[in-house]
There are 2 protein chains.
Amino acid sequence: MLSNSSKYAIKGVLYLAVNSNEDRKIMVRDIFEMIHVPEAYLAKLLQELSRHNIISSTRGPKGGFYLSDEDRKRTLMDIVRVIDGEKRIKSCVLGIKDCDMDNPCVLHKLVGANKSKFIKVLQNTTILDLVEGKQDIEEFFPI
Amino acid sequence: MLSNSSKYAIKGVLYLAVNSNEDRKIMVRDIFEMIHVPEAYLAKLLQELSRHNIISSTRGPKGGFYLSDEDRKRTLMDIVRVIDGEKRIKSCVLGIKDCDMDNPCVLHKLVGANKSKFIKVLQNTTILDLVEGKQDIEEFFPI
DNA sequence: CATGAAAAGGATAAAAATGTCTTTTAATCT
DNA sequence: AGATTAAAAGACATTTTTATCCTTTTCATG
């Protein structure tokens with residue numbers, strides 16, 4: 001449902017959400033161990049998110065990745081959309097042709113109802129929402 | 001969440017549920033086009049299920065795959081367990097170490113609640129359950 | 001404006017998932 | 001018994017995902 005890459009990306013963004021801001025940028029080198037994602041791989045994912053304006057970055061000395069206030073309003077779905085693409089997550093649970101969220105097959109009634117809810121959660125949950133229960137998340141680093 | 005292989009396997013078993021019984025065995029050759037799964041690939045999956053006694057089969061002329069009455073009491077989870085393994089489906093949504101259904105991390109509260117329900121559906125839905133709404137399913141072949 | 005720190009990007013490698021093919025085994029029919 | 005049919009089994013091929021490496025570009029700073 002979610003690729004590994006998306007999971008990594010979400011973990012990385014969550015870490016940035018808790019630990020970074022415009023005045024406090026973080027290098028990939030200081031994140032990857034905390035969240036158990038290979039350094040070069042995480043760099044690629046964060047670069048991709050940055051390129052799509054989901055997160056922010058600056059190069060050079062004192063540079064690094066960070067979340068602006070605007071970035072914090074992004075949803076989990078924004079991340080997943082960039083990394084996995086919309087199609088992957090919305091496709092039919094059983095890979096049935098011409099069957100999707102809007103035109104659900106019989107098994108969607110069973111299995112897809114939950115999936116729809118899952119997608120709604122992704123769409124409705126912003127980074128900020130997650131960080132508001134901050135103490136809970138901090139407990140979980142390193143994740 | 002569910003691998004392609006599991007989806008194919010479920011489709012194959014559903015087709016058997018609707019069209020086969022002990023006296024009416026079906027060859028892979030007569031299934032694969034109906035459910036849009038490559039012939040050899042489907043064969044392999046059904047063999048695997050048969051080996052684990054999730055479905056039934058006999059070799060030779062008049063042979064083929066079929067579902068016994070006992071087979072029909074199997075749940076979707078029985079299929080998924082054979083094809084994907086229990087670990088894959090129950091692992092943490094974010095791949096967080098030492099986090100699973102029984103020891104959920106903070107994101108499980110958000111995202112995992114739906115997943116738990118999804119797994120419950122798999123565990124509680126038998127092949128027979130699905131076929132009892134038979135007309136609905138038949139409408140969907142070929143899937 | 002030179003320097004070094006950091007992201008960006010391209011090329012490639014490794015692993016996992018998906019898919020195909022060939023040979024072997026067992027059941028049935030003549 | 002022998003021929004034929006179909007699943008069983010396993011080796012092999014392809015594609016996608018995951019991961020790494022290395023060079024280039026950018027930019028803050030002294």
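A note on names: the letters A, B, ... follow the listed sequences, proteins ahead of strands, and every chain is numbered from 1.
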note: A:Leu2, atom CG; D:dT18, atom C1'; distance rounded to Å ~ 16 Å
If you check the B:Asn4 side chain, which of C:dC29, C:dG19, C:dT18 turns out closest?
-> C:dT18
Nearest of C:dA7, C:dC21, D:dA19 to any side-chain atom of A:Val28?
-> C:dA7
Nearest of D:dA9, D:dT20, C:dA6 to any side-chain atom of B:Arg51?
-> D:dA9
Atom pair distance, as rounded to whole Å: CG in A:Leu42 and P in D:dT17 | 20 Å
Would you say A:Asn19's side chain and A:Tyr15's backbone share a donor-acceptor pair under 3.5 angstrom?
-> yes
Would you indicate whether the side-chain heavy atoms of B:Asn53 and B:Arg74 approach each other to under 4.5 Å?
-> yes
Looking at C:dT28, does its base get a donor-acceptor pair with the side chain of B:Arg59 below 3.5 Å?
-> no
Using atom OH of A:Tyr66 as one end and atom C1' of C:dA6 as the other, report the distance to the nearest whole Å.
-> 14 Å
Could you work out which one of D:dT20, D:dT29, C:dA7 sits closest to the side chain of A:Lys62?
-> D:dT29
5' priority, DNA chain D, between A:Ser5 and A:Pro61 [closest heavy atom] = A:Ser5
Residue closer to the 5' end of DNA chain D, A:Val37 versus B:Gln47 (nearest nucleotide) | B:Gln47
From CG of A:Leu46 across to P of D:dA19 the rounded distance in Å is 14 Å
Sugar-phosphate only, base, or nothing, as touched by B:Leu45 at under 4.0 Å among non-hydrogen atoms = nothing
Looking at every strand, decide which applies to A:Gly63 at a 4.0 Å heavy-atom threshold: base, sugar-phosphate, or nothing.
-> sugar-phosphate
Salt bridge present between B:Asp78 and B:Arg81 (N-O < 4.0 angstrom) = yes
Side chain of B:Ser57 (C-beta onward), nearest among D:dA8, D:dT20, C:dA7 | D:dA8
Do A:Arg72 side-chain atoms and A:Ala17 backbone N/O form a donor-acceptor pair below 3.5 Å?
-> yes
With sugar-phosphate meaning primed atoms plus P, OP1 and OP2, does B:Lys44 contact a base, only sugar-phosphate, or nothing at under 4.0 Å between heavy atoms?
-> base
Which value, rounded to the nearest 0.5 Å, describes the distance between B:Leu16 atom CG and B:Asn21 atom CG?
-> 10.5 Å
